[in-house]
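Step one of this worksheet: look at the structure below.
The figures that follow rest on heavy atoms only: side chains count, while hydrogens, waters and symmetry mates do not. Computed from a prediction, not measured in an experiment: that's the story for all the values here. FYI, the numbering just counts along the sequence from 1.
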Amino acid sequence: MAQIITKTLLTAAAFLPAALGACQWASLRQMTDTYIESQTFGELDPSLLPAGVIYKENDKVVDIKTGLLSKSLKVDYAHTIIDQTECASFTKLVVADAKNPYVIGTQIFYNDTVDGLLTTDVVDVIVTSTENTHFDAAQVLSHVEAEDWSSLGRDNQDTRDILKAVADGYLDLWSDSSKISSVPFARGCSRLEGSRFIADSCTAGLGLPEPGTSRGNTNRRYVIDESVGAVSVFSDFGSLDNAPASHEFRIVGGNLYYVHQIVAAKS
């Protein structure tokens, strides 16, 4: 089995956000690692199967026991961010196996019990493979492995409000493209749309609708990790017939450096 490359984004107490949320980082990380292991081996851990758990794939509720999680995948890359405030995580998995390739984004929301134990509430998966637009898992792998998602010291962390505002500002461009000058793109900002990589420009070829034409990204769900300046947003992508979409942003010093897009739109 190929080695799983797991991006552990928070490794020292010095990098923790100043105000901790209701859920402990170590517990969230452990639960998320359990999800990754379950997907790797195709064996559902009991922690993913509490009564009432909601499991969705590409916005459709399916049986977790027969969905993608029941399928063993050769995971080549796993990247996770942790949201202590919302008791949630986001994980991006890349499976570059030529015979069985996938790029997967998963938001998991947990309930925090009285005794501090976490139970899985919602597993929300956006999955793409060969039938989807701009899909090439090997290309995605080569780009994400070269990126820097290292932890930020407390003094360099943006607030949740700033991180969310930058992410929303980008996604709002599909509702009002005239606001593009208000998005704080960093010098050298890059986009990864499926496997389509646009280096050094987060504005070139965006394909925004004409001003006044609304094709908004609606039904947004957020996972925010201040410790790495990361925001995951799941939404319905209006410009692609409301296809299930995952956007992840890397924001440092209030400026946008990376945009990752996974959209389950048919090619």
Side-chain angles (χ1 to χ4, degrees), residues 4 6-9 21-95 100-113 116-129 132 137 217-225 230-237 242-248 260-265:
I4 301 173
T6 303
K7 297 285 187 178
T8 304
L9 298 178
C23 295
Q24 293 299 310
W25 182 89
S27 298
L28 287 165
R29 181 74 225 194
Q30 182 178 13
M31 292 289 283
T32 306
D33 286 345
T34 297
Y35 156 73
I36 297 170
E37 291 171 3
S38 293
Q39 186 65 86
T40 302
F41 296 105
E43 299 176 358
L44 290 171
D45 188 90
S47 66
L48 293 167
L49 298 170
V53 65
I54 298 171
Y55 177 76
K56 298 191 294 182
E57 290 181 6
N58 293 344
D59 286 349
K60 296 181 180 178
V61 176
V62 301
D63 186 346
I64 193 171
K65 295 180 181 178
T66 58
L68 185 67
L69 259 177
S70 65
K71 185 175 184 178
S72 174
L73 298 181
K74 184 182 176 184
V75 177
D76 295 288
Y77 174 91
H79 153 87
T80 291
I81 65 173
I82 298 295
D83 187 335
Q84 292 179 260
T85 300
E86 293 299 324
C87 207
S89 65
F90 167 75
T91 298
K92 180 172 184 174
L93 302 178
V94 181
V95 179
N100 197 32
Y102 288 95
V103 176
I104 303 164
T106 302
Q107 289 185 344
I108 305 179
F109 293 85
Y110 303 94
N111 291 317
D112 191 15
T113 61
L117 298 176
L118 300 182
T119 59
T120 306
D121 185 28
V122 177
V123 182
D124 195 352
V125 182
I126 294 178
V127 54
T128 57
S129 192
N132 297 111
N217 298 309
T218 59
N219 189 27
R220 298 180 192 178
R221 293 90 79 194
Y222 301 86
V223 174
I224 300 173
D225 188 340
V231 183
S232 161
V233 187
F234 280 12
S235 68
D236 301 333
F237 203 101
N242 289 321
S246 165
H247 286 85
E248 187 183 18
H260 285 192
Q261 176 179 297
I262 305 171
V263 180

Where [X] and [Y] come nearest, the two heavy atoms and their spacing:
X	Y	value
Thr106	Ile104	OG1-CG2, 3.6 Å
Ser232	Gln107	OG-NE2, 2.9 Å
Leu28	Cys23	CD1-CB, 3.8 Å
Ile126	Ser246	CD1-N, 3.7 Å
Ser89	Tyr110	OG-OH, 3.7 Å
Ile81	His79	CG2-NE2, 3.9 Å

For a quick check under 3.5 Å, do Tyr35 and Thr91 share a side-chain donor-acceptor pair by atom type?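 Side chains of Tyr35 and Thr91: no pair found under 3.5 Å.
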Note: Arg221-Asp59 ion pair, threshold 4.0 Å (strictly below):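 Here Arg221 pairs with Asp59 in a salt bridge, since their nearest N and O are under 4.0 Å apart.
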Quick check against the 3.5 Å criterion: does Ser129 have a side-chain atom that pairs as donor or acceptor with the backbone of Pro101?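 Yes, Ser129 side chain to Pro101 backbone: donor-acceptor pair under 3.5 Å.
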Could you tell me whether a side-chain N or O of Gln39 sits under 3.5 Å from a main-chain N or O of Leu68, the two making a donor and an acceptor?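 Answer holds: yes.
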Are the side chains of Val125 and Asn58 in touch, meaning some heavy atoms are under 4.5 Å apart?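 Contact flag for Val125/Asn58 side chains = no.
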I'd like to check Phe109 versus Asp83 (side-chain heavy atoms, cut-off strictly below 4.5 Å). Are they in contact?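 Side-chain contact under 4.5 Å: no.
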For Ser38, all residues meeting side-chain contact (heavy atoms from CB on, under 4.5 Å), sequence neighbours excluded: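 Partners of Ser38 by the side-chain contact (heavy atoms from CB on, under 4.5 Å) criterion, ordered by chain and then number, come out as Thr34, Asp45, Leu48, Leu69.
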For Asn100, all residues meeting side-chain contact (heavy atoms from CB on, under 4.5 Å), sequence neighbours excluded: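 Testing Asn100 for side-chain contact (heavy atoms from CB on, under 4.5 Å), a comparison that skips the adjacent residues, returns Lys71, Leu73, Asp97, Tyr102.
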Could you point out which residue of Phe90, Tyr222, Phe237, Phe234 forms a ring pair (Phe, Tyr, Trp, His ring centres under 6.0 Å) with His247?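 Among Phe90, Tyr222, Phe237, Phe234, the one meeting ring pair (Phe, Tyr, Trp, His ring centres under 6.0 Å) with His247 is Phe237.
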Which distance, rounded to the nearest 0.5 Å, do you find between the [atom1] of [X] and the [atom2] of [Y]?
X	Y	atom1	atom2	answer
Glu37	Glu43	CD	CD	10.5 Å
Thr80	Asp225	OG1	CG	10.0 Å
Ile262	Thr128	CD1	OG1	6.0 Å

Which is it for Thr85 and Ile224 under the side-chain contact (heavy atoms from CB on, under 4.5 Å) test, yes or no, and what are the steps along the way? CA-CA 8 Å; Thr85 300; Ile224 300 173; over 6 Å; no
Could you check Asp63 against Tyr55 for side-chain contact (heavy atoms from CB on, under 4.5 Å), going step by step and ending with a plain yes or no? CA-CA 7 Å; Asp63 186 346; Tyr55 177 76; over 6 Å; no
Step by step, work out the side-chain contact (heavy atoms from CB on, under 4.5 Å) result for Leu118 and Asp112. CA-CA 5 Å; Leu118 300 182; Asp112 191 15; 3.7 Å; yes
